[in-house]
Amino acid sequence: WSLRVAAVIAVGLAIVTQSGVLAWLILPRIESALGCKAEAGRVSVTPSGLILISNLRLIAPGIDSTAATFLEVPVLEVVPKWSGLLSGTIPVERIYARRPIIRLSQDRELNLNVAALTPRAGGAAQTFVPAMDLIDAVLDFGEHGPGWYTPLVSMRVGGRLSRMGIGSPR
């Protein structure tokens, strides 16, 4: 009897952590928090507890060109605080973005593509912004309009993005 229960639990965990179920749970939270569309190839949990998101694309609403995709990440590693699972939320401790393309583009009225992001009420429930390490990143600046995007400057960057506290030196 206990062996059957253990087998059912193991199969359930495998389904949640290694199938499309996890993407179904995580991608809508990203969309709600940022006010964009989120697409990914695969979302899984490693045996060490990392959440891996492959081929993540974040797409700003209302833009009909390449400029709408403001973030493309082949491999995103999310380090969650699993201790929050009992309280119903799993805060993110750190994010590693491997080979991301960050695209900032302006239209003729000088509006940035990311200005179209509209987080839903209650969507950005996590007030703590985790640190994000950018590994072999490309920052792409361009211009866009209806149906077109023109890249202007691309630069390779790397480092850590983290929120500074009030009164922190700049």
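Residues: numbered from 1 along the sequence shown.
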Determine whether Asp140 and Ser154 make a side-chain contact, defined as any pair of heavy atoms from C-beta on separated by less than 4.5 Å. yes
Verify same cluster id: Leu112, Leu117 (apolar side-chain graph, 4.5 Å): yes
Mind checking what makes side chain to side chain contact (heavy atoms under 4.5 Å, CB included) contact with Ile135, not counting sequence neighbours? Tyr96, Arg98
Who pairs with Arg99 by side chain to side chain donor-acceptor pair (under 3.5 Å), at least two apart in sequence or on another chain? none
Would Phe70 and Leu139 show up in the same hydrophobic cluster when neighbours are defined by side-chain heavy atoms closer than 4.5 Å? yes
Do Leu27 and Leu56 have side chains that approach each other closer than 4.5 Å (heavy atoms only, starting at C-beta)? yes
Which heavy-atom pair separates Ala131 from Ser162 by the least distance, and what is that distance? CB-CB, 4.2 Å
Among all residues two or more places apart in sequence or in another chain, which pass the salt bridge (charged side-chain N to carboxylate O under 4.0 Å, His left out) test with Asp64? none
Taken in chain and number order and not counting sequence neighbours, the residues that satisfy salt bridge (charged side-chain N to carboxylate O under 4.0 Å, His left out) with Asp107 are none
If you take all heavy atoms of Pro119 and Ala33, which pair is closest and at what distance? CB-O, 3.2 Å
Which of these passes side chain to side chain contact (heavy atoms under 4.5 Å, CB included) with Leu58: Val73, Val114, Thr69, Ile30? Ile30
Kindly compute the distance separating NE2 (His144) from OG (Ser105), expressed to the nearest 0.5 Å. 5.0 Å
Audit row: Val79, Leu50, side chain to side chain contact (heavy atoms under 4.5 Å, CB included) steps and yes/no: CA-CA 5 Å; Val79 180; Leu50 282 176; 3.4 Å; yes
Between the CD atom in Glu93 and the NZ atom in Lys81, the distance rounded to the nearest 0.5 Å is 5.5 Å
Can you tell me how far CG of Leu76 sits from CG of Asn55, rounded to the nearest 0.5 angstrom? 11.0 Å
Taking all atoms of both residues into account, what is the closest heavy-atom pair of Ala97 and Pro100, and its distance? O-CD, 3.4 Å
Provide the closest heavy-atom pair for Cys36 versus Pro61 in the form atom of the first, atom of the second, distance. CA-CD, 4.4 Å
Residues in side chain to side chain donor-acceptor pair (under 3.5 Å) with Glu143, at least two apart? none
So, using salt bridge (charged side-chain N to carboxylate O under 4.0 Å, His left out) as the criterion, who are the partners of Glu72 when residues are at least two apart? Arg103
May I ask whether Leu104 and Val157 are part of the same hydrophobic cluster, defined by side-chain heavy atoms of I, L, V, M, F, W, Y residues being less than 4.5 angstrom apart, directly or through others? yes
Any link between Val78 and Leu161 through a network of hydrophobic side chains (Ile, Leu, Val, Met, Phe, Trp, Tyr) touching at under 4.5 Å? yes
Calculate, to the nearest 0.5 Å, the distance between atoms CZ and NZ belonging to Arg57 and Lys37 respectively. 9.0 Å
Do Val43 and Val92 share a hydrophobic cluster, counting only Ile, Leu, Val, Met, Phe, Trp and Tyr and linking them when any side-chain heavy atoms are less than 4.5 Å apart? yes
If I take atom CD1 from residue Ile26 and atom OG from residue Ser44, how far apart are they, to the nearest 0.5 angstrom? 9.0 Å
Side chain to side chain, Ile102 and Leu134, heavy atoms closer than 4.5 Å: yes
